[in-house]
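Remarks on the structure that follows.
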Amino acid sequence: MSDADSIDKSFKFLLISRATRSTALIYGTISIPLYLHKVIHFSTVLIGILVAFMMVFTVVLVFFIGMFSDRFGYRNGLIIGEIPPLIAMAILATTTNPALIITATILGGVGGAPGAMRGAFYPGTVALVARDWPKEHDRSTVTFIGSASAVGGSIFIIILDFITPVLGSGNAYRLLYGISAILILASVISVSLLKERERIKKTTTFMQKESGIFTLKVITTNVVNGSALGLSMSVLSLWIYLMYHATEAQIGIMFGASYLATALGSYTASRVSFGTPHKVLLAASLARVFQGLLLVPMAFMPTFYLAGVFFAIRSAVAGFGTPNRMGINVSGIKGGDFGTSTSLQGISMRASQSTSGATGYLMDYYLPMPLVLGGFIQAFAGFFYYKMFSKSRKDPAPSGSEQ
C-alpha cells in the first residue's frame, strides 16, 4: 500500500476522533454553565468570568500547539490538545470541590460557544485536513460528522432529566462527565492511528511573510466575530434556562435540533457548486450576517419553542457557511505554516470570546441583551469578512478583458 493510500484510509480515524470528541465536548460546553449555577450555585456573573478565563488559557495552549505541530506533526499536536479536556472531565466526574471545579473549567477548554463545530475542530484539525485531505468534500465530511455527533452531547443533556430522580442532580451530571472522559480517551486513541504526509520542513522561525499577511486578515475578522460569540453564545444554555425556565431535557432537545440543522446545512454546502471564488466568499459572508441577524428576534421570542425555531434556522445557516470559510481561511497559507497560521486564527477567535466576562453582567441587567448585542456584532462581522477578502477573491475576467 502506498503512503497516499495509507493516509486516505486513515481518514476514518480522524472522523471517529472528531465524533467522540464532539459528543464529549458538546456535553461539557452545554452542561457546565447549568452545573455551575444549579448544582454548585455560582452566580451568572462568576460563570461568565470563569468562561472568559478559560478562553485566555486556551489561547496560550492553542498557540503552543500550533507552533509544535508545524515542527513535530499535526497528529502529535492533536493528541496534546486532547489532554486538558480529558483531565477536566475526569476532575468534574470525581469531585465536588469548588476550587478543583474552577480549575477544571478554566484549564479544560470545555466551555464557550456551544456551536455544532465546537467539538469537531481544533486548529491542528484545520491544518491537518487542509494539507492531507484538501478537497471540499473532505472538509464538508468533517463538519458534517462533527455536527451530527454533537447531537450525542445534547442527548446527554436530555438523559440528565431521566437519571436525576434516581442519582440526584450532582451525581447525574458527574456520571456523564465520566462517560465524556472515556469518549475523549477514545478520541486520543483514534488520533494516534492517523497517518499523515511527510512534513514540509519549516524554513522560517515563525511564518513566511505571505502567510503572515493573509493570516492577519483572518485574525482581524475573527476578533469581531469571536466577540459576538462570547457575548451571545458562551453561556447560552444558562440563558435559555433563565429565560424560559426550561428543563435539561428541553435544552437538550433544542441544541440537538440545532446540531442536526447544522449538519444539514453542511451537507447542503457540500452538494452546491458555487462556481467562482467570489461566489464562495459571498455565500460564506452572507451566512455569517444572517447568523447574527437571527439572534436578535430570538432574544425576544415569547416561548421556548419559538426561540428554538430561530436557533435551528440560525444553525442551518452556520452549517452552510462554515465549510466555505474553512477553505477561504487557509487559501493564502504557504506550506509549512498551516499549524502556526490556523492556531493564530483559533487564538483570535477564542481570545475575543473573552467578552463572555460581560455576559453575566448583561444578563443581570436585561436578559435579552447578550443576544441582541452579539447578534448585531456578528452581522457586522459578516459584512467585514466580505470586505477583507473581496479583493483577493474576484472572479477571473473573461479572456481579452482588462484584469
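All residue numbers refer to positions in the sequence shown, counting from 1.
- Nearest heavy-atom pair across A181 and A90 is CB-N, 4.2 Å.
- For F156, the ring pair (Phe, Tyr, Trp, His ring centres under 6.0 Å) partners are Y27, not counting sequence neighbours.
- Of the possible polar contacts, none joining the S354 side chain to the R350 backbone as a donor-acceptor pair under 3.5 Å is found.
- Contact between I26 and G153 at its shortest, heavy atoms only, is CG2-CA, 4.0 Å.
- Between the side chain of S232 and the backbone N or O of L371 there is no donor-acceptor pair closer than 3.5 Å.
- Summarising the geometry, atom CG belonging to L100 is positioned 10.5 Å from atom CG belonging to L107; distances are rounded to the nearest 0.5 Å.
- Across every non-hydrogen atom of F320 and A283, the tightest pair is CE2-CB, 4.2 Å.
- What you find for V151 and G256 is that their closest heavy atoms are CG2-O, 3.8 Å.
- Looking at L25 and P85, their side chains come closer than 4.5 Å, going by heavy atoms from C-beta outward.
- Counting only heavy atoms from C-beta outward, the side chains of L281 and S285 approach each other to under 4.5 Å.
- S356 places a side-chain N or O within 3.5 Å of a backbone atom of Q353 that can act as its donor or acceptor partner.
- No more than 12 heavy atoms of other residues, nucleotides or ligands shown are found within 6.0 angstrom of CZ on F53.
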Notebook entry, point to check: Going through the distances and angles, do T276 and V280 end up as a side chain to side chain contact (heavy atoms under 4.5 Å, CB included)?
Noted result: CA-CA 6 Å; T276 64; V280 172; over 6 Å; no
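- In this structure, a donor-acceptor pair under 3.5 Å is present between the side chains of Y173 and E248.
- Under a 3.5 Å cut-off, the side chain of T95 and the backbone N or O of I91 do not form any donor-acceptor pair.
- Partners of L282 according to the side chain to side chain contact (heavy atoms under 4.5 Å, CB included) rule, which considers only residues two or more places apart in sequence or in another chain, are L286, Y386.
- Between T220 and K217 the shortest side-chain heavy-atom distance does not fall below 4.5 Å.
- Between the side chain of S22 and the main chain of A19, no donor-acceptor pair closer than 3.5 Å is present.
- The aromatic rings of Y259 and F255 sit tilted, their planes meeting at an angle between 30° and 60°.
- For N225 (side chain) and A381 (main-chain N/O), no donor-acceptor pair under 3.5 Å exists by modelled atom type.
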Next item on the list: Would you please test T94 and R174 for side chain to side chain contact (heavy atoms under 4.5 Å, CB included) and show each step?
Entry: CA-CA 7 Å; T94 55; R174 287 188 286 274; over 6 Å; no
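- Separation of atoms CG (L373) and CG (L231) is listed at 6.5 Å; rounding is to 0.5 Å.
- Take K387 and apply the salt bridge (Lys or Arg N to Asp or Glu O under 4.0 Å) test, not counting sequence neighbours, and it matches no residue.
- With contacts defined as side-chain heavy-atom distances shorter than 4.5 Å, the pair I377/S227 qualifies.
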All N/O donor-acceptor pairs, side-chain side in residues 293-314, below 3.5 Å, sequence neighbours left out:
| from | atom 1 | to | atom 2 | distance (Å) |
| --- | --- | --- | --- | --- |
| T303 | OG1 | L306 | N | 3.2 |
| R314 | NE | Q291 | O | 3.0 |
| R314 | NH2 | Q378 | OE1 | 2.9 |

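- Separation of atoms OG (S348) and CD1 (I219) is listed at 5.0 Å; rounding is to 0.5 Å.
- Looking at every heavy atom in both residues, S180 comes nearest to A24 through O-CB, 3.5 Å.
- The OH atom of Y35 sits 9.0 Å away from atom OG1 of T105, with the distance rounded to the nearest 0.5 Å.
- Residue pairs meeting the ring-ring contact (aromatic ring centres under 6.0 Å, His included) criterion with at least one partner in residues 346-379, sequence neighbours excluded, do not occur; the list is empty.
- Looking at N222 and Y385, their side chains never bring a donor and an acceptor atom within 3.5 Å of each other.
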Next item on the list: For the pair E82 and R18, evaluate salt bridge (Lys or Arg N to Asp or Glu O under 4.0 Å) and give the outcome as yes or no after the intermediate values.
Entry: CA-CA 11 Å; E82 302 286 40; R18 299 306 89 179; 3.3 Å; yes
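- When atom types are taken as modelled, the side chain of T221 and the backbone of V218 share a donor-acceptor pair closer than 3.5 angstrom.
- The CG atom of L86 sits 12.5 Å away from atom CD1 of I79, with the distance rounded to the nearest 0.5 Å.
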Note to self: If you apply the rule side chain to side chain contact (heavy atoms under 4.5 Å, CB included), what do you find for K38 with Y241, and how did you get there?
What the structure shows: CA-CA 10 Å; K38 296 180 67 176; Y241 169 72; 4.0 Å; yes
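- With contacts defined as side-chain heavy-atom distances shorter than 4.5 Å, the pair F214/F389 qualifies.
- Side-chain polar atoms of S190 and S17 form no donor-acceptor pair below 3.5 angstrom.
- Between I251 and I240, the shortest heavy-atom distance links the atoms CG1-CG2, 4.0 Å.
- Atoms OG and CG, on S31 and L176 in that order, are 8.0 Å from each other to the nearest 0.5 Å.
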Pairs under 3.5 angstrom only: tabulate donor-acceptor contacts from the side chains of residues 41-50 to other protein residues two or more places apart or in another chain.
| from | atom 1 | to | atom 2 | distance (Å) |
| --- | --- | --- | --- | --- |
| H41 | NE2 | V39 | O | 3.4 |
| S43 | OG | L46 | N | 3.1 |
| T44 | OG1 | D364 | OD1 | 3.2 |

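- Of the possible donor and acceptor atoms, none in the side chain of S187 sits under 3.5 Å from a partner among the backbone N and O of R21.
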Next item on the list: Using the side chain to side chain contact (heavy atoms under 4.5 Å, CB included) rule, take L367 and L242 through it: C-alpha gap first, then chi angles, then the decisive distance, then the call.
Entry: CA-CA 8 Å; L367 206 49; L242 295 173; 4.3 Å; yes
